[in-house]
Amino acid sequence: MIERRTIVSLIESCGSMRQLKQLHALAVVSGLARDVVPLSRLVEFCADPARGADLAYARALLLHLGRAPTTHMHNSLVRALSLGPDPAAALSAYRDMLRSSLAPDHFTFPFALKACARAPAPAFGRCVHARVVATGFGADVYVATALVHTYVSCGDAASARRLFDAAPNRNVVTWTTMIAGYVDNGRPSDAVSLFREMVEAAQVEPNEITMVHALAACAQSRDLDSGRWVHDTIAHLEFDPVGSNVVLATVLLDMYAKCGNLSTARVLFDRMPQRNEVSWNALIGVYNQHGQTDDVLRLFGEMRSTGCKPDNVTWLGVLGACANKGLMALGQGVHAYLEKTNSRKDVNVCTSLMDMYSKTGDACSALRIFHTLNGRDVLAWTSMIIGLAKHGHGKDALKLFKEMEEGGVVPDHITFIGVLTACSHAGMVEEGQMYFNSMRSVYGIKPTVKHYGCVVDLLSRAGHLAEAESLVRAMPIRPSIMIWGSILTGCEIYGEVGMAERIGQSVAELNPQCSGLYVLLSNIYAGAGRWHGVEMTRRLMWQKGLKKTHGSSSTEVKA
DNA sequence: TATTTTCCCC
């Protein structure tokens, strides 16, 4: 006969369903088949996809026990399913449990709520919530925390906060969950306030995970003052954030970098006793955002020489640098390397490759990758739409946009930049205006100054200059200098010197240091043979000490 | 209960 403790540990270290069935048989002959603990372990194993899940077997175990299944066993099933690839299955197991008139306990609810959080369906969350209220388990700190987590996962930070405030018992995890919830829902200043309250008023000591989220909040809101304060607070807890915890050090350096303090970020990075690929990626991302491509590539080289293996995010950074600096040869090299090593194609990496090819002038290669891509997301479609639009294939870009919609992928505000650019480059005025209007009416996307810029560009290129001007005057956002530039360029093309003069002068008054404006005006005068105007503009520039800025291009040319 | 992440008018 075998002991209960032995069979439990055998099940826990079991490697396959086949072995598990043997262990089940062993449990039966040992008279342990009705024992709650080994049975729960059996159920957990069957429901765990990482170990070759067999849910049918798990359910069969519960049905044919020869004894009534206990709450504990059902909990095991709910928990295992809540962690698997189909969390919704945990909810049906939870419902089975209620139907079999077993009483849920303080373990059941956190498992069921975990499933609700992973498969965000507010209706399910509210159902479980109602049952928690009815059974009085809301006083349990694990249940209360799981409820908060469920609501933030469903995007309802306000309800989460009400539950948080009403919870009779809160621990550091409850606080952390609420703080992280604010960050995930794009409310970083609420996250920082709550962290402040936690430290100053509630005097609950934050742990390392709380600190990570508090710093992430400061990074998200680019709030350096709060970031320094959080850093200070951490330091006062007799704790070395840089030396002892890679994750915390990484998010700390990322916070400084995102808040514009690149040098502190670098110092922290250099002081880290160990770094993982995420730390390298964070710094690479920072240099990319600052356009410091050389540093990106140097860092990438250092990363490899220290033996840290690049992951997909690393490749996004390197390819982004190639795209922005026109480094096609390097980009191709990365592509060749990825073809050899990364057999499974990551949609993000492919999008980055497409973008690199588009920006270095090879639209064909971009298209080739796009066509072989499975599971295209909005970024992949958008990247290709913009790529085509910029290469003068406006009609194809719009065709792609329609295809994307038919495929059920929802466009975002950047997709519309591509769509409007396509219309602009193809001279499709009416379509462009139609798409612009549909942004708000159909998709609920508020146009930004960039979208207005596209439409003004579209109207100006097509010679609808008066319409372009009235659109700019009616804009709810302050027009950028670039927008006026579009109109002036239109004036240049269509010889509207009078209009250019009127607009140019009023814009120059507001932006006296913008040299491009004077150059544009001077060109317009020259085009119309108004040499006096040219002379006047040049003199004006000279008086203001402005220099013509020279254009630069950074596309690599094959030797 | 944890960190990085690609699409943006010229």
Side-chain angles (χ1 to χ4, degrees), chain A residues 114 117 142 145-146 148-149 152 171-181 183-184 206-216 219 245-255 257-258 275-286 288-289 311-321 323-324 346-356 358-359 376-387 389-390 411-425 432 447-458 460-461 480-483 485-486 489 516 520 551:
Chain A
K114 170 102 184 172
Y142 288 89
T145 303
V148 170
H149 185 223
V152 294
N171 62 18
V172 60
V173 182
T174 321
W175 283 89
T176 303
T177 302
M178 192 62 235
I179 290 167
V183 178
D184 292 342
N207 64 19
E208 299 179 18
I209 298 169
T210 324
M211 296 168 190
V212 165
H213 290 293
L215 289 168
N245 185 319
V246 193
V247 176
L248 192 49
T250 300
V251 74
L252 188 63
L253 85 83
D254 188 58
M255 181 280 292
K258 290 229 167 75
R275 309 176 186 107
N276 61 18
E277 65 281 7
V278 181
S279 329
W280 288 97
N281 293 345
L283 203 61
I284 285 176
V286 163
N288 253 338
Q289 272 156 22
D311 66 4
N312 284 342
V313 177
T314 317
W315 296 120
L316 298 185
V318 174
L319 287 168
N324 294 332
D346 179 75
V347 62
N348 300 319
V349 171
C350 286
T351 300
S352 206
L353 278 169
M354 281 162 45
D355 194 51
M356 182 276 294
S358 287
K359 286 189 175 145
R376 298 167 192 152
D377 60 7
V378 63
L379 275 78
W381 285 99
T382 301
S383 173
M384 199 61 250
I385 288 169
I386 291 172
K390 284 200 189 168
D412 67 10
H413 70 111
I414 301 169
T415 316
F416 278 100
I417 303 260
V419 168
L420 295 172
T421 309
C423 294
S424 177
H425 288 218
T448 67
V449 69
K450 289 179 183 175
H451 298 103
Y452 278 97
C454 292
V455 178
V456 170
D457 195 52
L458 165 76
S460 304
R461 280 168 192 255
S480 62
I481 185 112
M482 224 163 157
I483 287 193
S486 290
T489 304
L520 207 48

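Scope of the values below: all heavy atoms of this structure, side chains included, with no hydrogens, waters or symmetry mates. Convention: sequence-line order gives letters A, B, ...; per-chain numbering from 1.
When DNA chain B is scanned 5' to 3' for any atom under 4.0 Å from a heavy atom of chain A, the first and last hits are B:dT1 to B:dC10.
The closest side-chain donor-acceptor pair between A:T174 and A:N171 falls under 3.5 angstrom.
For A:E208, the side chain to side chain donor-acceptor pair (under 3.5 Å) partners at least two apart in sequence or on another chain are A:N245. Listed by chain and residue number, A:T448 satisfy the side chain to side chain donor-acceptor pair (under 3.5 Å) test with A:H451 (two or more places apart in sequence, or in another chain). Residues passing the side chain to side chain donor-acceptor pair (under 3.5 Å) test with A:N276, sequence neighbours excluded: A:S279. In this view, A:W315 and A:F300, A:Y337 satisfy the ring pair (Phe, Tyr, Trp, His ring centres under 6.0 Å) rule, not counting sequence neighbours. Partners of A:F416 by ring pair (Phe, Tyr, Trp, His ring centres under 6.0 Å), not counting sequence neighbours, listed by chain and number: A:F401, A:Y443. With sequence neighbours left out, the side chain to side chain donor-acceptor pair (under 3.5 Å) criterion links A:D311 to A:N281, A:T314. Scanning for side-chain contact (heavy atoms from CB on, under 4.5 Å) contacts around A:T489 gives A:I493, A:L520, with sequence neighbours left out.
Residue contacts for A:H213: at a heavy-atom cut-off of 4.0 Å it reaches the sugar-phosphate backbone alone, with no base atom in range. Within the nucleic acid shown, A:D377 has no heavy atom closer than 4.0 Å to any nucleic acid atom. Using a 4.0 Å heavy-atom distance criterion, A:N348 is classed as a base contact.
A heavy atom closer than 4.0 Å to some atom of DNA chain B occurs in A:D412, A:I414, A:I417, A:T421, these being the qualifying members of residues 412-421 of chain A.
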